[in-house]
2 protein chains.
Amino acid sequence: MPETASLSAIQDSPFARKLAAFVKLSDLDLTAMSDLYRRRRRFAVGVDMIHQGQTNQSAYVVASGWACSYKILPGGSRQIVDIQIPGDFLGLRSVLFRTADHNVEPITLVQASEVKQRDLLNTFSQTPRLATAVLWAASRDEAMVVEHLVDIGRRSATERMAHFLLELGARLRLVGLGTRAGYLCPMSQYLLADALGLSAVHVNRVLRELREEGMLTFQKGRVVFDDYDALVEMAGFDRTYLDQDRPLLL
Amino acid sequence: MPETASLSAIQDSPFARKLAAFVKLSDLDLTAMSDLYRRRRRFAVGVDMIHQGQTNQSAYVVASGWACSYKILPGGSRQIVDIQIPGDFLGLRSVLFRTADHNVEPITLVQASEVKQRDLLNTFSQTPRLATAVLWAASRDEAMVVEHLVDIGRRSATERMAHFLLELGARLRLVGLGTRAGYLCPMSQYLLADALGLSAVHVNRVLRELREEGMLTFQKGRVVFDDYDALVEMAGFDRTYLDQDRPLLL
DNA sequence: CAGCCGGACTGATCTGGATCAGCAATCGGA
DNA sequence: TCCGATTGCTGATCCAGATCAGTCCGGCTG
């Protein structure tokens with residue numbers, strides 16, 4: 001039966017894996033999801049996926065690759081707001097508002113499914129459970145932005161770095177792309193700087209310190225947690241908002 | 001007819017006013033909303049409405065008064081993440097996740113309607129339009145947190161202050177509690193400091209500078225925009241994400 | 001092969017905003 | 001009516017992290 005085959009394919013996608021942590025998805029929900037998945041597209045590094053100020057943008061669900069959303073301020077400097085990894089929704093706000101309030105740029109080659117505004121709103125009205133699940137995912141993203149805000153507002157450069165890399169690790173583990181030992185991370189130190197509100201120079205210093213203290217090593221595109229527990233302790237990392245152990249809505 | 005009378009009462013509530021900027025609400029939606037509105041409660045200053053780490057919290061829709069959500073870090077310092085004014089949802093994340101990831105504290109006496117988890121999820125499954133509207137409102141809140149993040153990460157203390165007070169003004173105007181000239185603001189300089197990641201002392205300095213430059217005056221619980229346009233220019237304030245001129249979803 | 005370029009890395013210097021310390025005005029309660 | 005608590009205001013000092021000004025190394029190109 002081709003239907004069930006495609007259903008199980010959807011079920012294994014990072015997006016479904018993530019949402020399944022919140023709601024138990026029915027076959028109807030999965031079918032609706034697979035409809036959203038039709039229009040697959042590729043984005044090369046250097047070509048923005050979403051442009052601040054543009055109207056009628058689509059949203060995307062990332063299938064593979066990394067991207068980052070950021071804002072440019074009058075003055076030239078930029079702030080990276082969030083990192084998108086496989087399974088993440090991207091540009092949801094640019095669909096719900098008429099104009100995009102941020103940019104999204106691929107960090108690596110990105111493969112993603114385009115979701116048009118009309119399709120999204122239709123799907124919501126037909127499968128309310130899926131709408132609730134997306135609300136949950138959006139809230140989870142908001143929780144991460146909040147954590148990021150606290151990072152920048154109240155944590156030292158070292159704590160910030162540790163917290164950021166821990167969170168990324170936890171997210172990657174959820175979609176099977178990392179372990180407690182570490183993960184592959186294609187971010188340059190310049191990107192890290194823009195994300196953490198530091199200068200690239202200082203990022204380098206902080207990474208060296210963490211390495212020398214035996215906490216974590218980030219070299220050659222690979223993050224290795226040398227002492228996970230000490231890192232969690234030092235960064236004040238709170239796992240609860242990422243560890244949804246069982247679906248809330250059955 | 002008591003039904004239509006109560007419907008129009010709901011329609012005039014700050015919450016409905018806000019959501020109506022996004023979707024045209026049907027009578028069914030409004031009825032569902034009024035059901036959520038039943039359980040009205042009052043919160044005095046000094047009594048937290050939501051506690052970080054607690055489980056099975058309710059959410060609230062603010063009818064009157066101001067509150068703030070914040071996080072406490074190991075170390076004692078706190079970061080105010082967002083301000084809630086009438087019409088705002090509050091504690092949505094603590095309902096969607098099982099445990100609250102932040103605190104909410106009243107700034108003034110707050111009157112709010114309690115929304116239980118079960119009621120909320122039921123309402124969503126019965127009125128998907130309302131679910132979509134709440135998703136929109138949550139995304140709008142996220143956009144503000146993002147803006148707040150950029151504030152703290154990349155703007156100077158003065159720009160930050162200007163931006164924050166402008167945004168608050170725009171939000172208050174949406175629910176009819178302020179004008180382009182200014183608004184009443186019950187926040188102390190200590191609260192402002194916690195929100196902006198500054199020290200109270202520095203908040204004071206910055207406010208004095210803004211006053212002396214003829215940009216804005218914040219004294220005696222009242223914000224007066226002395227030169228609105230100059231302020232917008234200086235802060236790099238982007239109105240788009242708060243100015244939803246017509247409903248997106250009819 | 002040389003030449004180039006982008007990323008990682010380092011030391012010296014500068015500065016925005018925190019911290020500390022203290023005073024004046026206002027308010028609310030006994 | 002006085003006293004303590006809260007908020008607003010100011011100057012002096014200090015430090016985390018920015019900025020500047022480079023070197024070093026590996027990969028890519030002509």
Side-chain angles (χ1 to χ4, degrees), chain A residues 45-46 66 68 73 75-79 105 107-108 151-165 184-213 216-224 234, chain B residues 44-46 66 68 73 75-80 105-109 151-165 184-213 216-224 234:
Chain A
V45 178
W66 289 39
C68 66
L73 322 198
S77 66
R78 75 167 182 174
Q79 173 71 48
E105 169 188 297
I107 295 177
T108 66
D151 258 8
I152 290 182
R154 297 284 150 162
R155 280 191 251 257
S156 74
T158 318
E159 291 167 326
R160 234 182 277 183
M161 177 67 75
H163 191 273
F164 180 80
L165 294 177
L184 294 176
C185 175
M187 293 181 71
S188 76
Q189 297 191 343
Y190 288 87
L191 277 175
L192 273 177
D194 281 344
L196 298 177
L198 299 172
S199 68
V201 184
H202 207 60
V203 164
N204 186 282
R205 245 190 289 273
V206 167
L207 285 176
R208 178 164 44 82
E209 277 163 25
L210 285 170
R211 199 184 325 128
E212 285 169 1
E213 283 166 19
L216 82 82
T217 310
F218 183 177
Q219 267 171 340
K220 301 242 157 211
R222 155 161 241 110
V223 172
V224 177
M234 186 270 270
Chain B
V45 178
W66 290 40
C68 66
L73 319 200
S77 68
R78 74 167 182 175
Q79 173 72 47
I80 292 182
E105 166 187 299
I107 295 177
T108 66
L109 174 72
D151 256 10
I152 289 181
R154 296 286 148 158
R155 282 190 251 257
S156 72
T158 318
E159 291 167 326
R160 234 181 278 184
M161 177 67 75
H163 192 273
F164 181 78
L165 294 177
L184 294 176
C185 175
M187 293 182 71
S188 77
Q189 296 190 343
Y190 287 84
L191 276 175
L192 273 176
D194 280 344
L196 298 176
L198 300 172
S199 67
V201 183
H202 207 61
V203 164
N204 186 283
R205 246 190 290 271
V206 166
L207 285 176
R208 178 163 47 78
E209 277 164 25
L210 285 170
R211 198 186 326 128
E212 285 169 2
E213 283 166 19
L216 82 81
T217 310
F218 184 177
Q219 268 171 340
K220 303 240 158 214
R222 154 161 240 112
V223 172
V224 177
M234 186 269 271

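What's counted below: heavy atoms across the whole structure, side chains too, no hydrogens, waters or symmetry copies. Reminder, nothing fancy here: chain letters follow the sequence lines and each chain counts from 1.
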| query | For residues 204-212 of chain B, which residues have at least one heavy atom under 4.0 Å from DNA chain C? | reply | B:Arg205
| said: In this structure, how many angstroms lie between the P atom of D:dG17 and the CZ atom of A:Arg155, rounded? | reply: 14 Å
| What is the distance from CE of A:Met187 to C1' of C:dA8, rounded to the nearest Å? | 16 Å
| B:Gln219 side chain N/O closer than 4.0 Å to the phosphate oxygens (OP1, OP2) of C:dA25? | no
| To the nearest Å, how far apart are B:Leu196 CG and C:dG17 C1'? | 13 Å
| said: Ignoring hydrogens and geometry beyond distance, is a side-chain donor-acceptor pair present between A:His163 and A:Arg160 at under 3.5 Å? | reply: no
| message | What is the distance, to the nearest angstrom, from the CG atom on A:Leu198 to the P atom on C:dG16? | response | 18 Å
| Choosing from D:dG17, C:dA8, D:dT7, which nucleotide comes nearest the side chain of A:Gln189? | C:dA8
| field | Candidates C:dG17, D:dA18, C:dG11 - which lies nearest the side chain of B:Arg160 | value | C:dG17
| task | Tell me what B:Gly221 touches on the nucleic acid: a base, only sugar-phosphate, or nothing, going by heavy atoms under 4.0 Å. | result | nothing
| Step by step, would you call B:Arg211 with B:Leu216 a side chain to side chain contact (heavy atoms under 4.5 Å, CB included)? | CA-CA 5 Å; B:Arg211 198 186 326 128; B:Leu216 82 81; over 6 Å; no
| For the pair made of CZ in A:Arg154 and C1' in C:dA18, what is the distance, rounded to whole Å? | 10 Å
| said: Let's see if you can work this out: which of C:dG17, C:dC20, D:dA18 has an atom nearest to the side-chain heavy atoms of B:Ala157? | reply: C:dG17
| Checking side chain to side chain contact (heavy atoms under 4.5 Å, CB included) for the pair B:Glu105/B:Arg78: CA distance, chi angles, key distance, verdict? | CA-CA 12 Å; B:Glu105 166 187 299; B:Arg78 74 167 182 175; 3.6 Å; yes
| task | Rounded to the nearest angstrom, tell me the gap between atom CZ in A:Phe218 and atom P in C:dG7. | result | 13 Å
| Between P of C:dT19 and OH of B:Tyr190, the distance in whole Å | 13 Å
| said: Restricting to non-hydrogen atoms, name the atom on B:Pro186 and the atom on B:Ile107 that form the minimum distance, rounded to 0.1 Å. | reply: O-CG2, 3.8 Å
| message | Run A:Val203 and A:Tyr190 through side chain to side chain contact (heavy atoms under 4.5 Å, CB included) and show every step you take. | response | CA-CA 8 Å; A:Val203 164; A:Tyr190 288 87; over 6 Å; no
| B:His202 has an atom NE2; how far is it from atom P of D:dT10, in whole Å? | 14 Å
| request: I would like to know whether B:Phe164 and B:Arg155 meet side chain to side chain contact (heavy atoms under 4.5 Å, CB included); could you show each step before the answer? | output: CA-CA 11 Å; B:Phe164 181 78; B:Arg155 282 190 251 257; over 6 Å; no
| query | Counting N and O atoms only, with roles assigned by atom type, does the side chain of B:Thr108 sit under 3.5 Å from a partner on the main chain of B:Trp66, one being a donor and the other an acceptor? | reply | yes
